[in-house]
A.B. asks: 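Below is the structure I would like to discuss, written out as structure tokens.
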Amino acid sequence: MHLSNVPDENDTGLETHQYGVYNVYLEKSTEGFLGSFKELNKWRESLSAVSRLITEVYELAPALFIIYCIARVSKEVESVVLLHYETRILRIIETGLSQGTVDPGALFGAILARLVCVLFTSALWYSTKNVQSKFRARTMHYFDDCLLAARLSSDLTTDADNLSDEHLSAQAAWSAVVDFIDVFSRVFALMGQFGYVVHIGSSSNYGSLFVLFCLAGPFLRATHQPMLWIKPRVVEATNTHFLRMKALRTLSEKRFRSDVISANITQFVIKQFRTARIALGDTDISGPEVVAGRIGTPWINEMLYDALGDLPIVFSALLALLRPKTTSLSTIASLHESSNLLRQTFWDLFYTADEFLRRIGNVQQFYEFVDREPKVKDGEMIYPLPSDSGKSCTMPEGMAIELRNVSFSYPGDKDADTKALDDVSFSISPGQLVVIVGANGSGKSSIIKLITRLYDVATGSILIDGEDIQNFQLQSLRQAMATLTQDHHLYPLSLAENIGLGYVEAMNDTDLIHEAAQKGCATDIIEKLSEKMETVLDPQGIQYSARVDHDGKNKLYAKLKSLSKSKDVSGGERQRLVAARTFMRFNSGKIKLVAVDEPSSALDAKAELTLFDNLRSAREGKSMIFVTHRFGHLTKHADKILCMSKGRVVESGTHAELMQLKGEYFKLYNIQAEAFQPEEK
Ligand SMILES: Nc1ncnc2c1ncn2[C@@H]1O[C@H](COP(=O)(O)OP(=O)(O)OP(=O)(O)O)[C@@H](O)[C@H]1O
């Protein structure tokens, strides 16, 4: 189904088209001079991406680039040379047949020349296969590198404000390079074939007219197809049945396997999927660009284009009729051969150019992504400030933190009125141990995220050692902080690296790593694993089988099983390993703030107590902030407790002070304490 030009309700200057299961939003087409100017501008924009892409690839490997281009162009241009020798062979045969004897020298000479040409291009193409493979690898690795650096340098605010970057890949950039070179070589080939046809028809002066006859049909068809690729567009899948099928298909992924089995919902999922499938019917689910190409042309036009395809044969018939004396059978045969070749090359060029335009769109997005400026801006001051800076902090005791009227909403949060933090003010003196408590969603973690500058405040300010946090160099500030939260994961690297990366400069120091593992209560787990510190828990290996019988006796199956033996540990054990990384970080000697956000949800009571004790015993010279739901272990040691509710700090003081207030903290504390009281009869 295609609904064309549905006006936008709010008249945003957009029009909506429906292709299959997708809605496509396009800018309203501007007619006349302004419209053409806009189109021209879009082409100019994509040209700058093309020129940057080709320049980068050339500079990366000039020799490989040139050899690849030569091999590709020669393969395309070969067709003209072959056509030339074919025409020559036909003419020799025709002349020979009319005279009763064929000149064997001329005939074999032409055949040999044709064969040499075939062998030469084939040898060139295959001898450069190695070069092609190297060129591809080097280009892919380069763009992989750019993408990795761009992704890693991004921050959470920038990520939230931009669309997903999952579709960007080095492969897309490489494909655009290949398509560009293909377009380039096919233009060469087309020009060569064009020239050659004009040359064959030169005796009748109708060569150019013949080319026109050959290309009229393909040209009209190509220019009248709706070319969605080249239009700026926003695409959204809106078909509810299609989306339902997609959601249900997700449930078949491995990560949901245990949920689906234990909830016993297999039949439900299959049934729902079938219902959605039947409701979707035969609606085309291909991308809108493809659907537009398939359904966009009216059938009457299609018939006209097919009929125009017969023009070359009409031309030959007319030539024979009007100029019987100057037209030979070999000329007509060559014209036919070249007409087929011309049309084939034209279509190849058209489709490659179409594909190239699509890919260059991806490359443009790629460059926009790697060039984007991070939203969390870097400051200039190096942390910690020198002691003669005039700031009042007592640096050796830890970080001084002050929040002044801080409000904050998460970027991308559609409901602008919901604030994660609302006018929050408090201060932490150097060396203090502060515990933040409060109900779910009250803003505890958001405070840690702002202090570690994962995000920036919307209004108000955060002062670190008396200086606005945004004035500090991010790297130097983060060097002075150690965080331990539930959001931290194990990396798909060895356990030694997982712990060592807490303090990169000493990541080969096995003594420090073992000591950190001990403080994180992770020694037992590591000892239990056969490869100890070298164990990789989530290896990113690739193993697969094809056409292998999965019966126990099959040797290939046994091999596959031996390759894919994975190891895993429990959730609590993972938390201990992550905690070990934080202890490793303390070794840098630069840590002035430890921020711990509920890292013990999966830990048993003993491990939790040891973890908190170990963290507190490293307290010297550090301020500490703990976010917790569990009272007791920490609150009794706290210099200050901040009790939060709905994004605000509602109470602040020591345990004794807050208990006396009999407010929010008192309520939360008693809910937990009651669980341990004997039930009243
Ligand atoms: N990444 C996010 N994007 C949008 N909103 C978020 C995001 N993270 C948290 N929020 C919202 O911000 C508010 C405060 O969340 P925050 O995580 O700070 O609460 P919390 O007190 O730490 O909760 P919990 O005790 O459940 O961990 C909540 O309303 C939450 O829904």
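Note that this is a predicted model, so its numbers are computed, not measured. Atoms within each ligand, like the ligands themselves, are counted from 1 in listed order.
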A.B. asks: Taking the six-membered ring for Trp, is the centroid-to-centroid distance between Y25 and H17 below 6.0 Å?
C.D. replies: no
A.B. asks: Identify which of G438, G441, G443 has a heavy atom lying nearest to atom 23 (O) of ligand 1.
C.D. replies: G441
A.B. asks: Would you call E608 and K606 a salt bridge, taking side-chain N to carboxylate O under 4.0 Å as the test?
C.D. replies: no
A.B. asks: With heavy atoms under 4.0 Å as the rule, classify the contact between M644 and ligand 1 as side chain, backbone, both or neither.
C.D. replies: neither
A.B. asks: Hey, does S445 come in under 3.5 Å of ligand 1, counting only N/O atoms on both sides?
C.D. replies: yes
A.B. asks: Find all atoms of ligand 1 within a distance of less than 4.0 Å from any non-hydrogen atom belonging to S442, and give their numbers and elements.
C.D. replies: 19 (O), 20 (P), 21 (O)
A.B. asks: Within the structure, is a non-hydrogen atom of A439 found at a distance of less than 4.0 Å from ligand 1?
C.D. replies: yes
A.B. asks: Short list, please: which atoms of ligand 1 are under 4.0 Å from a heavy atom of H629?
C.D. replies: 25 (O)
A.B. asks: With a 6.0 Å cut-off on the ring centroids, do F612 and F626 count as close?
C.D. replies: yes
A.B. asks: Considering the heavy atoms of S446, write down every atom of ligand 1 situated less than 4.0 Å from one of them.
C.D. replies: 14 (C), 15 (O), 16 (P), 18 (O)
A.B. asks: Using the side chain to side chain contact (heavy atoms under 4.5 Å, CB included) definition, which of the options L642, L658, V650 pairs with Y665?
C.D. replies: L658
A.B. asks: Looking only at distances, can you tell me whether any N or O atom of N440, backbone or side chain, sits closer than 3.5 Å to an N or O atom of ligand 1?
C.D. replies: yes
A.B. asks: Inspect the contact between E515 and K519 and indicate whether a charged nitrogen and a carboxylate oxygen are less than 4.0 angstrom apart.
C.D. replies: yes
A.B. asks: With sequence neighbours left out, write down each residue that passes ring pair (Phe, Tyr, Trp, His ring centres under 6.0 Å) with F273, or none if nothing qualifies.
C.D. replies: none
